[in-house]
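Throughout, protein chains are lettered first and strands after them, A, B, ... in sequence-line order, and every chain is numbered starting at 1. Note that this is a predicted model, so its numbers are computed, not measured.
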Amino acid sequence: MQSDWSIRGRLFGLWLLMLLLVSVAVYLTTSAVVERSLQTGQDRNLKPVALIILDSVVNSDQGIDFDLPYQAFEVLAYSAPERIFYRVTLGERNLAGYDDVPADLQGSEPIVFQTHSYRGESTRFVTARKRVFSDSDLEVTVTVGQTRASYLTQAQQIANWIALAVLIAFACLAVWAEASLRHALKPVVGIAADLEVRKADDFSPIQARVPMEISRLVETLNRVFDQHRGLLAENRAFIAEATHQIKTPIAAIMTRSELLERELPETHRAEAHDLTVRARYASKLVTQLLLRASLTYRELVGAKEWIDLMALLQGIVRAMDPTAEAKEVAIHLHASESVPSLYADRVAIREAVICLLDNAIRHTPALTDVDVEVSIVSGKICIAILDRGPGFPSDDLDAVKLASEDGHVGLGLEIVNRVARSHNGELTISDRPDGGAKCVISLPVS
Amino acid sequence: MFTATLAHGLTPEGNFVVGQGNQQVTVLGTGDFARIQPVLAGFVQNGSDRSVRYIQASSREIDQAVRAGLSEEIDLVMSSAVDLQVRLINDGFGQSLSDELTSSTNWRGELVQWALEPIVTLVNRRLIGEDVDQLRSRAALIQWLKHQNKALTATLYDPRESGVGYLLSQQDLLQDTQFWDLIDQLGRHQLRPNCCSGEMIDQVVSGESALAYNVIESYVTPLLEVAPDVQILRFNDYQLAIPRTGFIPRGADDRDLALELLSYVVSDEGQSRLSPTVRLAVLNRSNAGGPMKPIRLSPALIVHLDPVARDAFFKVWDQRSQRTR
């Protein structure tokens with residue numbers, strides 16, 4: 001049976017999906033954390049500069065004085081190759097630095113960190129402020145800013161490394177997932193392999209230790225095996241029983257009717273004869289039915305073996321000789337070349353040949369020959385049975401079988417056909433050009 | 001007519017062209033054309049169909065011109081006013097060259113250092129006498145001045161008039177806590193600040209001043225042979241050096257050629273065409289007095305340009321140097 005999905009594929013897909021989601025989540029959160037921690041680092045560099053300037057503020061006659069400490073800016077400059085900006089205001093008045101630096105202070109926090117786009121670049125600003133005059137609300141604000149490009153680049157780089165690590169972990173987990181799935185499915189694969197090599201008539205329960213998940217499946221299988229074994233045994237018993245139980249009464253009828261035929265007055269003799277014929281036909285039919293059932297059984301349990309075809313045929317011919325002699329018919333067995341041994345069911349082949357031979361002997365006129373010819377034609381062993389009888393009404397096997405429903409051939413040809421098929425071969429029938437019938441069973445060599 | 005299109009209010013001190021090629025790169029620079037001419041000529045020779053136009057202007061005017069909006073014709077701005085250059089980059093007037101510039105000293109991949117001007121002190125041996133050999137450090141100079149009873153005249157850049165003077169004074173203050181003591185001692189004698197290196201050197205050569213503090217060495221070198229009394233002092237505590245830097249303004253017409261020129265100037269061949277005194281390799285020279293301290297290309301330099309910092313500096317400067325005023 002072809003299946004278009006597998007447990008492994010489906011589970012693996014689910015695994016991959018989950019791993020992918022986890023990876024994306026890990027990447028996003030860690031890069032956010034990295035950017036945030038780098039931002040914290042930059043803030044830590046900026047804050048002291050603003051505070052040092054703010055701390056240097058003293059009141060003076062003109063308003064306030066303060067320092068712009070070169071060294072503090074130098075430390076900031078050393079921290080990253082970034083542009084730096086600053087601004088000092090007193091109330092609304094700009095005292096130093098870049099007067100367009102955004103220093104919007106909402107709320108009342110003494111120190112505010114903000115990110116703005118300034119002069120075309122994303123820039124981090126820290127603004128610190130304090131009141132300087134006891135009699136006024138005027139505040140000094142000091143804003144120090146630094147562009148963020150190198151921090152963002154660094155964050156990106158770290159994020160890339162994390163992405164790489166996540167990808168590697170992802171790949172490892174994928175391999176691991178595959179391996180574990182393979183491991184988990186091992187018992188199932190084992191059972192499948194076990195069943196594959198099992199003999200057809202081996203219905204012993206599966207013994208392998210299986211995980212809980214599939215133990216029910218195995219139990220069911222074992223139960224089916226059991227039922228199957230029972231059915232087969234019953235089948236075999238039926239065949240044996242039927243052979244005995246049905247054939248015996250029919251044989252008795254036949255004997256009695258023959259006796260009657262002899263002893264009845266002339267007027268009733270024809271009816272008795274008719275009874276004999278019908279009884280004989282019934283006997284043959286039963287024999288064939290049982291043969292067919294028996295062959296079906298043999299086919300099921302796989303009873304093939306290596307056989308010496310010529311020896312088999314010689315045996316059959318010898319066995320059939322008395323029948324043939326009674327009809328004054330001679331059977332000749334020929335082989336055009338040496339015949340290799342054949343892997344086949346001995347009984348089935350024998351019955352098929354007997355069936356054809358029996359037909360041939362019955363239909364060929366007295367004092368003619370029945371030939372059994374074995375040849376090898378394009379890799380096939382052909383067993384041809386030739387007679388000098390009236391031939392077939394048609395070349396079509398189905399038509400012939402239909403026509404034989406009247407009882408002349410019975411189930412014979414069908415059985416032969418089945419035997420040929422079960423050996424990957426075929427049965428062909430034809431009329432001989434110079435009169436007579438020709439039946440050929442062709443079987444592939446091994 | 002031509003200059004009007006370059007920038008508002010820029011009055012060039014000179015306008016030179018090197019080579020006749022059609023691919024012209026235009027440089028706006030502070031240095032004397034004569035000093036950079038060999039490098040530009042080398043660049044022109046190195047390629048085909050190139051020429052360089054060199055427009056010479058003062059650093060302050062260049063700074064203003066860049067801020068007012070340069071013409072697209074200006075492909076390269078080269079200046080020794082490192083503080084102004086850094087501030088221009090900090091304010092976003094440069095463009096990134098970092099992908100193409102590999103090893104040269106630069107800031108943000110935008111501002112490239114292509115020469116170093118060591119700073120020295122110039123003395124007139126005749127006026128100072130044998131004591132000159134004792135003056136190995138600034139501390140020694142201060143001590144010597146303290147005990148020198150004979151009045152002498154000294155000169156230095158006037159930080160009010162000279163951007164270089166202001167820059168050097170601030171850098172001295174960062175390096176050396178004794179800077180104001182030195183100014184005190186110079187002021188105790190006679191301090192005559194000057195606007196320009198030429199005047200300072202002339203004064204020492206003529207004997208008008210015995211000593212010139214913080215002079216650009218490369219200006220002095222040509223005089224040493226013709227003025228035997230003049231001697232260079234390299235203090236062994238530290239020696240400042242001003243980097244000459246260049247950047248390609250945002251929106252420059254011919255970025256690629258300008259970058260080629262800049263790369264050529266920092267290359268070994270370009271450097272060999274500079275005066276030996278100002279080559280970048282001067283950092284490693286063996287006759288240095290003390291550790292060479294080139295002014296770092298740092299955005300902190302913008303702080304000293306702030307009027308607040310200038311006011312604070314001149315408040316002290318005026319007090320310390322006023323005695324002779």
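In this structure, chain A has heavy atoms under 4.5 Å from both the backbone and the side chain of B:Asp91. Heavy atoms of B:Pro299 lying under 4.5 Å from chain A belong to its backbone as well as its side chain. Both the backbone and the side chain of B:Ile302 come within less than 4.5 Å of a heavy atom in chain A. Both the backbone and the side chain of A:Tyr78 come within less than 4.5 Å of a heavy atom in chain B. Looking at B:Leu297, neither its backbone nor its side chain comes within 4.5 Å of chain A, counting heavy atoms on both sides. A:Asp67 does not touch chain B: none of its heavy atoms, backbone or side chain, sits under 4.5 Å away.
Using modelled atom types and a 3.5 Å distance limit, the side chains of A:Gln156 and A:Asn160 yield a donor-acceptor pair.
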### B:Asp306 and A:Tyr86: CA distance, side-chain angles, deciding distance, side-chain hydrogen bond (donor to acceptor under 3.5 Å, both in side chains) verdict
CA-CA 11 Å; B:Asp306 195 289; A:Tyr86 64 95; 2.4 Å; yes
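The candidate with the highest count of non-hydrogen atom pairs below 4.5 Å against chain B, out of A:Pro81, A:Ala80, A:Ser150, is A:Pro81.
With a 6.0 Å cutoff to the six-membered ring centre and a 45° limit on the axis angle, B:Arg138 counts as a cation-pi contact of B:Tyr238.
For the pair B:Val86 and B:Ser298, the tightest heavy-atom approach, listed with the atom from each and the gap, is CG1-O, 3.3 Å.
Listed by first then second residue, pairs satisfying side-chain hydrogen bond (donor to acceptor under 3.5 Å, both in side chains) with a partner in residues 20-36 of chain A number zero, not counting sequence neighbours.
Residues of residues 170-178 of chain B lying under 4.5 angstrom from chain A, judged on non-hydrogen atoms, are B:Gln171, B:Leu174 by number. Against chain B, the residues from residues 69-77 of chain A that qualify, each with a non-hydrogen atom under 4.5 angstrom away, are A:Tyr70, A:Gln71, A:Phe73, A:Glu74, A:Ala77 in number order.
The neighbour count for A:Lys186 NZ, taken as heavy atoms of other residues, nucleotides or ligands under 6.0 Å away, does not exceed 12.
Scored by the salt bridge (Lys or Arg N to Asp or Glu O under 4.0 Å) test, A:Glu121 finds A:Arg83, B:Arg108 as partners (sequence neighbours excluded).
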